[in-house]
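Take a look at the structure set out below.
Just so you know, these numbers come straight off a predicted model, no measurement behind them.
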Amino acid sequence: MNSDQTFLIPVPSLFSFDECLWFLDRNYDDCLHVIKGKVLYKAVKIGAEPVLFSIEAESSFLKVTVLAGEASRENKDFLIAYIAEWFDMNRNIQPFYDLLKTDGQLAYMTETYEGFRLIGIYNIFEAICWCIVGQQINLSFAYKVKRRLVERYGEKVNYENESYYIFPDPEVLLQADLQELKSMQFSERKALYVIGIAKAFHEGTLDKEAIRMLPDFDSKVKVLTAHKGIGLWTANYALMKSLHESQAIPHGDIGLLQALANNGIIGDRSETDKIDALFSSFAGWESYLVFYLWRSLTVRI
DNA sequence: CTCCAGGGAAAGA
DNA sequence: TCTTTCCATGGA
């Protein structure tokens, strides 16, 4: 491999690439990245150019290799920022660990999941579509539906007998055929939501940077939930995963409730006062608390 | 067969 | 404002 196609990103303290790989490879069939051994592959669009890259750990660095597309200075700079955002590397999570260590039931997480970071979804349109696809159905089925959508409408990079898919742009999905989406086992309503959200992004009613600039968390939620298909759960999920908001709680999330029960925080799902008390003691780190609770869920195969 | 999955909108009370 | 119903499908 030509050396100028490769570069290193220093990792912060309390960062584990193995935990990144664990999260991205939980026996689910995610079509938007590939893991081979301990090497992670992903394709992204930089401007109009599809770029395929790999990431692997190398001592206290991540080694990134551009496999397809230009390894220009601009593209490398984009990838450095992209990966730092994807793995939430620019955040000091020590204060979160200090809070966890004071918690009677959750202190174990600082050791068991040491260095686990909030793995993001850079593309907020993708994050919202993923939420809509996954609403109220089991995750393995949701991943199947997402794969059908991406393989039909997304671009791909072919490299060494493997296809690496990129989530389709709003401009493509807003023209998607309703009947075709239904044939991919979208419910009619979910198909209409996805098309509607695609239109909103195309028209600029929804825009990642515009939402980021809003003055407070509640107004960001309000802008998102104004659109059909985005409820409170989806808004919080998108703000957590795509804008890396620290105070997002996907209220009512079934996995979150399960994790709270597993960890002895609640006896049953009606004990909302105990949930509120826990989250208020993690003020400013609600998103990380949710993510670590999700981390503690055992994954079905 | 019934119930429920990383919800949300629309209708009904 | 609160509660109920429907959605699509697969697995338990």
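- Between the CG atom of A:Leu239 and the CZ atom of A:Phe217 there is a distance of 5.0 Å, given to the nearest 0.5 Å.
- Remark: P of C:dT9 and CZ of A:Arg147 are 19 Å apart, rounded to the nearest angstrom.
- Sorted by first and then second residue, the salt bridge (charged side-chain N to carboxylate O under 4.0 Å, His left out) pairs with a member in residues 10-21 of chain A read A:Asp18-A:Lys38, A:Glu19-A:Arg295; sequence neighbours excluded.
- Among the atoms of the strands shown, none is found under 4.0 Å from any heavy atom of A:Ser140.
- Atom CG in A:Leu192 sits about 11 Å away from atom P in B:dA10, given to the nearest Å.
- Here A:Ile230 lies in heavy-atom contact (under 4.0 Å) with sugar-phosphate atoms only.
- Between the base of B:dG8 and the side chain of A:Tyr193 there is no donor-acceptor pair shorter than 3.5 Å.
- Screening residues 78-87 of chain A for salt bridge (charged side-chain N to carboxylate O under 4.0 Å, His left out) gives A:Glu85-A:Lys208 as the qualifying pairs, with residues at least two apart or on separate chains.
- For the atom pair NZ of A:Lys42 and CD1 of A:Ile55, the computed distance is 9.5 Å after rounding to the nearest 0.5 Å.
- Under the side chain to side chain donor-acceptor pair (under 3.5 Å) criterion, the residue pairs touching residues 270-280 of chain A are A:Asp268-A:Ser270, with sequence neighbours excluded.
- Between the side chains of A:Asn263 and A:Tyr292, not a single donor N or O lies within less than 3.5 Å of an accepting N or O.
- The cationic atom of A:Lys241 (NZ for Lys, CZ for Arg) does not lie both less than 6.0 Å from the six-membered ring centre of A:Trp130 and within 45° of the ring axis.
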For residues 192-204 of chain A, dump all side-chain donor-acceptor pairs below 3.5 Å to protein atoms at least two apart in sequence or in another chain.
from     : atom 1 : to       : atom 2 : distance (Å)
A:His202 : ND1    : A:Glu171 : OE2    : 2.9

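- With sequence neighbours excluded, the residues that form a ring-ring contact (aromatic ring centres under 6.0 Å, His included) with A:Trp285 are A:Phe96, A:Tyr288.
- Nearer to the 5' terminus of DNA chain B, by closest-nucleotide assignment, is the contact made by A:Tyr143 (compared with the other of A:Thr225 and A:Tyr143).
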Encoded 5' to 3' (Watson-Crick or G-U under 3.5 Å; [ ] crossing; | other strand), DNA chain C becomes |||||||.||||

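- Evaluation of the salt bridge (charged side-chain N to carboxylate O under 4.0 Å, His left out) test over residues 131-148 of chain A, restricted to residues two or more places apart or in two chains, returns A:Asp29-A:Arg147, A:Asp30-A:Lys146, A:Arg147-A:Glu151.
- For the pair A:Arg269 CZ and B:dG6 C1', the interatomic distance rounds to 11 Å; values are reported in whole Å.
- A distance of about 25 Å separates the P atoms of B:dG6 and C:dT3, rounded to the whole Å.
- Between the CD1 atom of A:Ile254 and the P atom of B:dG8 there is a distance of 12 Å, rounded to whole Å.
- Nucleotide B:dG6 holds its C1' atom 11 Å from the CG atom of A:Asn138, rounded to whole Å.
- Taking the C1' atoms as reference points, C:dC2 lies 24 Å from B:dA5, given to the whole Å.
- Between the CH2 atom of A:Trp233 and the P atom of B:dA5 there is a distance of 13 Å, rounded to whole Å.
- Partners of A:Thr225 according to the side chain to side chain donor-acceptor pair (under 3.5 Å) rule, which considers only residues two or more places apart in sequence or in another chain, do not exist here.
- Distances shown here put every side-chain N or O of A:Lys241 at or beyond 4.0 Å from the OP1 or OP2 atom of B:dG6.
- Between the C1' atoms of C:dG10 and B:dA9, the separation comes to 24 Å (whole Å).
- Contacts between residues 274-289 of chain A and DNA chain B, defined by a heavy-atom separation below 4.0 Å, involve no residue at all.
- When rounded to the nearest whole Å, the span between CG of A:Leu257 and C1' of B:dG7 equals 13 Å.
- Using a 4.0 Å heavy-atom criterion, one finds that A:His227 contacts the sugar-phosphate atoms exclusively.
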Which letter, B, S or -, goes with each nucleotide of nucleotides 3-8 of chain C from 5' to 3', with contact meaning a protein heavy atom under 4.0 Å? ----SB

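- Counting only residues at least two apart or in different chains, salt bridge (charged side-chain N to carboxylate O under 4.0 Å, His left out) contacts with residues 217-238 of chain A comprise A:Lys220-A:Glu245.
- Contact annotation for A:Ile132: no contact, since no heavy-atom pair falls under 4.0 Å across all strands.
- Between the base of B:dG6 and the side chain of A:Arg26 there is a donor-acceptor pair shorter than 3.5 Å.
- Taking atom CG of residue A:Leu260 and atom C1' of nucleotide B:dG6, one finds them 13 Å apart after rounding to whole Å.
- Every salt bridge (charged side-chain N to carboxylate O under 4.0 Å, His left out) that A:Asp77 has, sequence neighbours left out, goes to A:Arg73.
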